[in-house]
Structures are given as structure tokens and as C-alpha cells.
**Q** 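Supplied in C-alpha cells, the structure appears directly below.
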There are 2 protein chains.
Amino acid sequence: MRLVIAKCTVDYAGRLAAHLPSAVRLVIVKADGSVSIHADDRAYKPLNWMSPPCSLKEADGVWTVTNKAGEKLIITLEDVHHDSSHELGVDPGLIKDGVEAHLQELLAEQPHWCGEGFRLVRREWPTDIGPVDLMCRDEQDAWIAVEIKRIGTIEAVEQLSRYLERIRQDPAKADCRGVLAATIVKPQARVLAESRGLTWVEVDLAVLRGEREPALTLFL
Amino acid sequence: MRLVIAKCTVDYAGRLAAHLPSAVRLVIVKADGSVSIHADDRAYKPLNWMSPPCSLKEADGVWTVTNKAGEKLIITLEDVHHDSSHELGVDPGLIKDGVEAHLQELLAEQPHWCGEGFRLVRREWPTDIGPVDLMCRDEQDAWIAVEIKRIGTIEAVEQLSRYLERIRQDPAKADCRGVLAATIVKPQARVLAESRGLTWVEVDLAVLRGEREPALTLFL
DNA sequence: ATCTATATTTCGAGG
DNA sequence: CCTCGAAGTATAGAT
């Protein structure tokens, strides 16, 4: 990894055109050849970058970074304050906990949070356009397809609709219902779901984990 | 901006829980207090980060970064290879050209590129699931909803379909047509649009800007 | 190689 | 302040 602090201008030509006027910035060149340019604020997003795979040519204070798609990043160095290189090695990578996969696991164990009397038939129920997260049946043995999301958006309603369209082609499941289960269901997703005759439900991750009692309103 | 190359472990507890095993990484502390941790690959995304505003406490090789929401990032330094600070100043920021907003502006001024005889009724026509980019009428006063995208994908067709579903609930607009306008319309989007009775049109940014003559084929 | 779905998405605009 | 849509989204996984 090479770190350069320098006064520079940057031009990007590719999916759009962008220009950075002259200023002091951090330029990072990583072992995979990727390049990013950072200002002294915002942790996450670089001002400009070129994702790997790409190649860097250095000539006379002008760095030209190109990729296969013909995108081009031109960094013109005017004044180099710092330039150092470091050996980092391969990173063992991030271990995550609490993402959608985890939510699906918990709801598969406790499908009643998706609807009263629901029992799990199987996780990742296959359709010809991909698997539905959960397939359940209720106390009347009626079928229910459940789509699970961390955030329930319009897009999730569309996805569930597409699955149901397929599932209902089987006469035995022509009345299959659909439920969108998410920790947050956006207002517009609620409207769209209801207008399509789908149900939505917000689930509490802490309750699923048994870390918190269900809301009191359930016992009223 | 402070740059530290160090062997470290990192723990994040917030929207999810995440852990980084011991390895050599770059830690960036920016002037706004934000912190990011980078591996030696992937230009864009840090392994871990804390967005501003947040505060950093340093004690005995353990950095604790916290924000208002109670999220916490704990960096345990085991071996510091490099540690330097640099004065960067405020960045003048990125100048972009060619994004969707620009395209919508130009098409609002010249709606005839979306279809013959189109005239603009209003930009951002509201529906209960969000605004349609352009609402137009043609020479027969028929309604047309226009969805504008830089790249026209299946997703754009879905979006336009949802809007039309809403708009057509008004009997006065039951026959409202739909047009997808984009600089590039993907083959799959063309097929889907046509199968739904929607029109698609590719528009040329340079022509809209008056920088280039329309293609000769228009005059055949 | 292409498509699909996720993301601690971030970021910005508009109500 | 929230909500929503765009992003050069990036990135990982499946086909």
C-alpha cells in the first residue's frame, strides 16, 4: 500500500465526467492496483476512485489509471508532501453478525412472528426465478410465502409479488398468501403491499433473540 | 488527517456486530473525527468505519470511537509501523456532469425527444408511491408518464409500471401511456417494456445539450 | 461473464 | 427531522 499526501487535481472520465480542483489530498494505491483519493472528511466515501482490476501508469507527476471498460482517472500531482509504502499482507476479513441471513435464521425457528399459527414448511423454497425465504402453512393448512428483509422497501414487495405469481401457478397453491417480514417496513412499501393484498409485519430482532420481552400491547 | 499503519484488531458494535482478527491495516483519522480502517485491496469500501460526527478516545493502544447513536468502534493496536499527521485544509469538492438530474432537466425543456408532439404538464408528478419524472400530453391531449434514467434497466420498467398502475386509477387518466427515456436502454428492459405495452426511447445527452446534431436516421 | 440481491450502504433533495 | 431515490453505487454470490 502506497500513501501519498499531495496537492493535486483529478479528472475522471467514464460513467460520468468529474473534476477535482487543486487541493491537498490523500491518494491511496493498494496492492490490487486500485486507487482512491480522500479529502480530510467523511470516513466512508472517497472523492474519486478506480476499482480493481485497473492499471496505473506514472509519468512526470501525472498518474493515469485505466480499467477494462475504458474508464480513466487522471491524477496530476503538483506538490508531494508525503510518500510512503507499506507491506500489509492479505487481510483475514470481516466477521459479521446481525445481517439479513441471521434474521432469516431466527424467523425460520420462530415463524409465528410472521403470522399467527404459522409453521415452517421449508426455508429457501425454490421457484423458477429463485427461492422464497420461507414457505409456511397456517392452522387451516393454507400456504404462505414469506419474504424477509432487514428494511422492507417497495423493491421487496415487487420481489414477493414475482414469487407469488410463480407459486400460484401450482393449482394446489393458487391461494398462497404473501407476507413481507422486516425490522422496518417503509410507508410506501406498506401501501403497495396492501394494495396487492399482501401482508406486512415488523419484527423486533431483540425479541427474536430473546433479549427483550415482546411489546405489552400484545397482551392487551 | 492522521495515517496509522498498524497490526490491530477491530470490533464494531452498532447496527450489527463485526470483528476483524489481528492483521496489519491502514487506519485513517480525518479532521472531522471520522475513522476508517482499510485493507490492502478494494479502493472504495473500508473494512470498518465510523461516520462523523463521532468522538475518538485513545488510551493505552486502545482507540474507542463512539457516536450519538451509541455505535461503538474499538481498535486495539498491537504493533504500530507508521504514524503521521498531515494538514489538508477544506476540499473544494467534486464537480460532476452527466447525472440523472441533468438529464431530467434537459428533457423537461425538450420533451419532444421523449415522443412526437409531447408537451410538459409538470415535472415530478406526484402519486401516492412517489413522483413520476415527467407528466406530458401529446397533440391529441392524451396523457403520457415519462420515467427518466441514465441507464434504463428492468428496474426502471418496473418503477414506471408501478406509477402507471396508480395513475390509471384516475378515470381521466385510465389510458395514460408510459415512456422510459434513458441514454442507454438495456436489451432486457426493452423486451419487458414492450411486453407491457410501454415505449422506450434512447436520448443523446450531447444532442440534448445542443452539442451535436441529431442522428441522420431521423431525416430518412 | 452476467445477473441478482445486499449494504453498518452513503449522499442529497424535498416535504 | 424523516423519507425516499440515486450512486461512477460497491461487493459478494449464484448461474
Side-chain angles (χ1 to χ4, degrees), chain A residues 10-18 34 36 41-52 54 65 67-73 93-94 96-104 124 126 128-131 133 147-151 153-156 158-159 162 182 184-191, chain B residues 10-18 34-37 41-52 54 65 67 69-73 93-94 96-104 123-124 126-127 129-133 147-151 153-156 159 162-163 186-189:
Chain A
V10 184
D11 286 278
Y12 165 77
R15 279 166 278 185
L16 56 60
S34 65
S36 55
D41 61 354
R42 280 160 301 174
Y44 189 84
K45 200 187 173 187
L47 286 165
N48 243 319
W49 69 95
M50 185 69 80
S51 296
C54 61
V65 191
N67 69 5
K68 198 110 178 176
E71 296 174 88
K72 198 177 280 192
L73 190 67
L94 193 63
K96 288 185 187 184
D97 178 32
V99 289
E100 184 193 320
H102 202 158
L103 190 59
Q104 188 188 125
E124 304 285 348
D128 57 358
I129 54 164
D133 290 329
E147 178 64 31
I148 299 171
K149 285 280 183 287
R150 208 165 47 82
I151 311 288
T153 62
I154 279 183
E155 198 33 52
E158 292 287 11
Q159 203 178 327
R162 287 195 295 268
I184 296 166
V185 180
K186 298 278 188 181
Q188 293 196 337
R190 298 177 183 194
V191 171
Chain B
V10 184
D11 285 278
Y12 165 75
R15 279 166 279 184
L16 55 63
S34 65
V35 179
S36 54
I37 295 122
D41 61 354
R42 279 159 300 178
Y44 192 84
K45 199 186 175 193
L47 287 166
N48 246 319
W49 70 94
M50 183 72 78
S51 295
C54 60
V65 191
N67 69 6
E71 294 174 90
K72 200 178 280 192
L73 190 67
L94 192 64
K96 287 186 188 180
D97 181 29
V99 289
E100 184 190 320
H102 204 155
L103 192 59
Q104 190 189 124
R123 265 173 86 175
E124 304 288 346
T127 78
I129 54 164
V132 179
D133 290 330
E147 179 64 32
I148 299 171
K149 285 278 182 287
R150 209 162 44 79
I151 312 288
T153 61
I154 279 184
E155 192 37 48
Q159 203 178 330
R162 286 195 298 270
Y163 288 139
K186 298 276 189 182
Q188 294 192 336

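Note that the structure is a prediction, hence the values are computed from the model and not measured. Numbered from 1 within each chain, the chains take letters A, B, ... in sequence-line order.
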**Q** Should the pair Glu155(A)-Lys149(A) be classified as a salt bridge under the 4.0 Å nitrogen-to-oxygen rule?
**A** no
**Q** To the nearest angstrom, how far is Leu47(A) atom CG from dA10(D) atom C1'?
**A** 17 Å
**Q** With DNA chain C as reference, determine whether Glu71(B) or Lys68(A) sits nearer its 5' end, using the nearest nucleotide of each.
**A** Lys68(A)
**Q** Taking atom C1' in both dA14(D) and dT8(C), what distance in whole Å separates the two?
**A** 24 Å
**Q** Starting at NE2 of His102(A) and ending at C1' of dT8(C), how long is that distance when rounded to a whole Å?
**A** 16 Å
**Q** Going through the checks in order, is the side-chain contact (heavy atoms from CB on, under 4.5 Å) test met by Arg150(A) and Val99(A)?
**A** CA-CA 7 Å; Arg150(A) 208 165 47 82; Val99(A) 289; 5.5 Å; no
**Q** Suppose we screen for side chain to side chain contact (heavy atoms under 4.5 Å, CB included). Which residues come up paired with Pro131(B), at least two apart in sequence or across chains?
**A** Glu124(B)
**Q** Let me know, please, whether Pro187(A) or Ile151(B) comes out on the 5' side of the other along DNA chain D by nearest nucleotide.
**A** Pro187(A)
**Q** Return the minimal non-hydrogen interatomic distance between Asp97(A) and Leu16(B), and the atom names on each side.
**A** O-CB, 3.2 Å
**Q** Could you state the CZ-P distance from Arg15(B) to dT8(C), rounded to the nearest angstrom?
**A** 8 Å
**Q** Taking only the P atom of each, what is the distance from dG8(D) to dA5(C) in whole angstrom?
**A** 23 Å
**Q** When the nearest nucleotide of DNA chain D is assigned to Leu73(A) and to Arg42(B) on a heavy-atom basis, which residue is associated with the more 5' position?
**A** Leu73(A)
**Q** Across the strands shown, which category fits Met50(A) at heavy-atom distances under 4.0 angstrom: base, sugar-phosphate, nothing?
**A** base
**Q** Write down the protein N/O and nucleotide N/O pairs, taken from nucleotides 4-7 of chain C, whose separation is under 3.5 Å; answer none if there are no such pairs.
**A**
residue: dT6(C); atom: OP1; partner: Glu100(A); partner atom: OE1; Å: 2.8
residue: dT6(C); atom: OP1; partner: Glu100(A); partner atom: OE2; Å: 3.3
residue: dT6(C); atom: OP1; partner: Lys149(A); partner atom: NZ; Å: 2.7
residue: dT6(C); atom: OP2; partner: Lys149(A); partner atom: NZ; Å: 3.4
residue: dT6(C); atom: O5'; partner: Glu100(A); partner atom: OE1; Å: 3.4
residue: dA7(C); atom: OP1; partner: Glu100(A); partner atom: N; Å: 3.4

**Q** Using atom CD of Gln104(B) as one end and atom P of dA7(D) as the other, report the distance to the nearest whole Å.
**A** 11 Å
**Q** What is the separation between atom CG on Leu103(A) and atom C1' on dT8(C), rounded to the nearest whole Å?
**A** 15 Å
**Q** Atom CD of Glu124(B) and atom C1' of dA6(D): how far apart are they, to the nearest Å?
**A** 12 Å
**Q** Over all heavy atoms of both residues, which pair between Cys54(A) and Val65(A) is shortest? Give the atoms and the distance, please.
**A** SG-CG1, 3.8 Å
**Q** Under a 3.5 Å distance rule, please check whether Arg190(A) uses its side chain to pair with a backbone N or O of Val185(A) as donor and acceptor.
**A** yes
**Q** Identify the heavy atoms of Leu73(A) and Met50(A) that sit nearest to each other, and give their distance.
**A** N-CE, 3.7 Å
**Q** Expressed as a whole number of angstroms, how long is the span from Asp97(B):CG to dA6(D):P?
**A** 19 Å
**Q** Hey, does Ile184(A) reach any base, or is it just sugar-phosphate, or nothing, if we go heavy atoms under 4.0 Å?
**A** nothing
